[in-house]
> 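My questions will all concern the structure given below.
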Amino acid sequence: MKLIYIYDALCGWCYGFAPAMRDFYQNHKNDFETIDVISGGMITGERIGAIGEVAPYIKTAYKDVENRTGVKFGEKFLKDILEEGSAIFTSIPPSIALSIFKKETQENPQLAGEKNEKILHFAEELQSLIYFDGIEPKDYSKYGELATKYGLDKTDFVEKMNHSDYEKLAQKDFQLSQNFGVNGFPTLIIQKDEEYYLFARGFVDLAELERRFEAMKTSV
């Protein structure tokens with residue numbers, strides 16, 4: 001089996017889902033051949049704009065995420081980004097960063113960790129940069145700093161952020177998400193042989209993930 005995780009770095013519910021996702025995969029890593037993490041492209045095209053344009057919605061929604069998931073949004077995000085309002089919200093830069101990291105792991109499989117677990121960790125940390133540390137999505141240097149935690153060179157990583165080849169890889173992820181028919185994030189799909197099963201759509205806590213997985217193992 002393969003686990004396919006379709007998320008977006010700017011999706012607040014994906015940020016809230018990250019701990020359950022991490023724990024579930026850790027619990028069942030041996031059940032899966034690997035995990036694929038795909039950027040969904042939630043905020044692209046005409047949706048890109050200043051966060052202030054959607055701030056009234058986010059100011060209510062983030063509290064719902066906190067109350068249901070237990071995660072916390074950082075003060076730097078709430079004050080410096082959400083309250084200030086001028087930061088441009090776009091899914092493209094963090095999606096490019098994830099694409100670079102995934103490409104690097106193809107050339108150095110050890111970088112990906114066991115069964116691609118470090119790709120999942122990198123994707124989670126991209127969310128934390130935005131929603132806890134409060135960076136602007138276009139702050140390429142912060143993605144480079146994150147990459148150094150995994151042994152990559154910051155300067156090289158930032159240079160690749162500006163390379164069209166990696167934006168094309170991010171766009172390929174967006175297309176994959178559309179091909180799966182995903183219309184909300186997070187979405188989890190399990191591939192078994194040539195069959196695909198929708199496992200979770202939207203936030204699901206760890207206990208429910210475990211219940212569903214046990215049920216799925218007996219039915220497929």
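Only heavy atoms go into these numbers, but all of them, side chains included; no hydrogens, no water, no symmetry mates.
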> Between Tyr7 and Phe17, does the ring centre distance come in under 6.0 Å?
no
> Measure from the side-chain N and O atoms of Asp8 to the backbone N and O of Leu10, and report whether any donor-acceptor pair falls under 3.5 Å.
yes
> Does any part of the side chain of Phe101, heavy atoms only, come nearer than 4.5 Å to the side chain of Leu152, both counted from C-beta?
yes
> Would you say the side chain of Ile100 lies within less than 4.5 Å of the side chain of Glu104, judging by non-hydrogen atoms?
yes
> Nearest 0.5 Å, what's the NE2-CG distance between His163 and Leu169?
10.5 Å
> Minimum heavy-atom separation for Leu129 to Leu146, with atom names?
CD1-CD2, 3.9 Å
> Donor-acceptor check, side chain of Asp36 to backbone of Ile4, threshold 3.5 angstrom: yes or no?
no
> With side-chain hydrogen bond (donor to acceptor under 3.5 Å, both in side chains) as the rule and sequence neighbours excluded, what pairs involving residues 127-141 come up?
Asp139-Ser141
> Which pairs of donor and acceptor atoms, one on a side chain in residues 170-177, lie under 3.5 Å apart (sequence neighbours left out)?
unit_1	atom_1	unit_2	atom_2	d
Asp173	OD1	Lys102	NZ	3.3
Asp173	OD2	Ser39	N	3.1
Asp173	OD2	Lys102	NZ	2.8
Gln175	NE2	Asn179	OD1	3.0

> Is there a side-chain contact between Phe180 and Ile189 in this structure, where contact means two heavy atoms from C-beta onward sitting under 4.5 Å apart?
yes
> Supply the atom-to-atom distance Glu114 CD to Thr34 OG1, rounded to the nearest 0.5 angstrom.
10.5 Å
> Run the numbers on Ile35 and Ile119 for side-chain contact (heavy atoms from CB on, under 4.5 Å), then give the verdict.
CA-CA 8 Å; Ile35 183 171; Ile119 296 176; 5.9 Å; no
> If you measure from CD on Glu124 to SG on Cys14, what distance do you get to the nearest 0.5 Å?
11.5 Å
> Tell me, do Ile81 and Phe89 make a side-chain contact under 4.5 Å, heavy atoms counted?
yes
> Quick check against the 3.5 Å criterion: does Asp153 have a side-chain atom that pairs as donor or acceptor with the backbone of Asp156?
yes
> Okay, side chain of Arg47, backbone of Met42: is any donor-acceptor separation there less than 3.5 Å?
yes
> State, with a plain yes or no, whether a side-chain heavy atom of Lys103 is found less than 4.5 Å away from one of Lys160.
no
> Check this for me, if you would: do Lys63 and Glu66 make a salt bridge, where the nitrogen-to-carboxylate-oxygen distance has to be below 4.0 angstrom?
no
> Could I get the full list of ring pair (Phe, Tyr, Trp, His ring centres under 6.0 Å) partners for Tyr166, not counting sequence neighbours?
none
> Counting only heavy atoms not in Phe213, do more than 12 fall under 6.0 Å of its CZ?
yes
> Which heavy-atom pair separates Phe185 from Val182 by the least distance, and what is that distance?
CE2-CG1, 3.7 Å
> If you take all heavy atoms of Thr44 and Ser91, which pair is closest and at what distance?
CG2-CB, 4.4 Å
> Walk me through whether Val204 and Phe199 qualify under side-chain contact (heavy atoms from CB on, under 4.5 Å).
CA-CA 10 Å; Val204 179; Phe199 184 61; over 6 Å; no
> List the atom of Tyr15, the atom of Lys72, and the distance in Å for their closest heavy-atom pair.
OH-O, 2.6 Å
> Hey, what do you get for NE2 (His121) to CD (Glu117), rounding to the nearest 0.5 Å?
5.0 Å
> Just verifying a value: how many Å separate Ile51 CD1 and Thr90 OG1, rounded to the nearest 0.5 Å?
12.0 Å
> Is there a side-chain contact between Ile190 and Phe32, using heavy atoms and a 4.5 Å cut-off?
yes
> Side chains of Ile130 and Ile135: does their closest heavy-atom pair fall under 4.5 Å?
yes
> Taking the six-membered ring for Trp, are the ring centroids of Phe24 and Tyr5 within less than 6.0 Å of each other?
no
> NZ/Lys217 to CE/Met1 distance, rounded to the nearest 0.5 angstrom?
7.0 Å
> Take atom NZ in Lys79; do more than 12 heavy atoms of anything else shown fall under 6.0 Å from it?
no
> Among Glu208, Glu210, Glu214, find the residue that satisfies the salt bridge (charged side-chain N to carboxylate O under 4.0 Å, His left out) test when tested with Arg212.
Glu208
> Take Lys154 and Glu145, measure what side-chain contact (heavy atoms from CB on, under 4.5 Å) needs, and give me the verdict at the end.
CA-CA 6 Å; Lys154 176 182 176 180; Glu145 290 176 11; 3.4 Å; yes
> Quick check: are there more than 12 heavy atoms from other residues, nucleotides or ligands sitting under 6.0 Å from CZ of Arg201?
no
> Can any side-chain N or O of Glu75 pair as donor or acceptor with the backbone N or O of Phe77 at less than 3.5 Å?
no
> Under a 3.5 Å distance rule, please check whether Tyr143 uses its side chain to pair with a backbone N or O of Ile96 as donor and acceptor.
no
> Can you give me the closest heavy-atom contact between Met21 and Leu120, atom names plus distance?
CG-CD1, 3.9 Å
> How far apart are the closest heavy atoms of Pro137 and Pro93, and which atoms are they?
O-CB, 3.0 Å
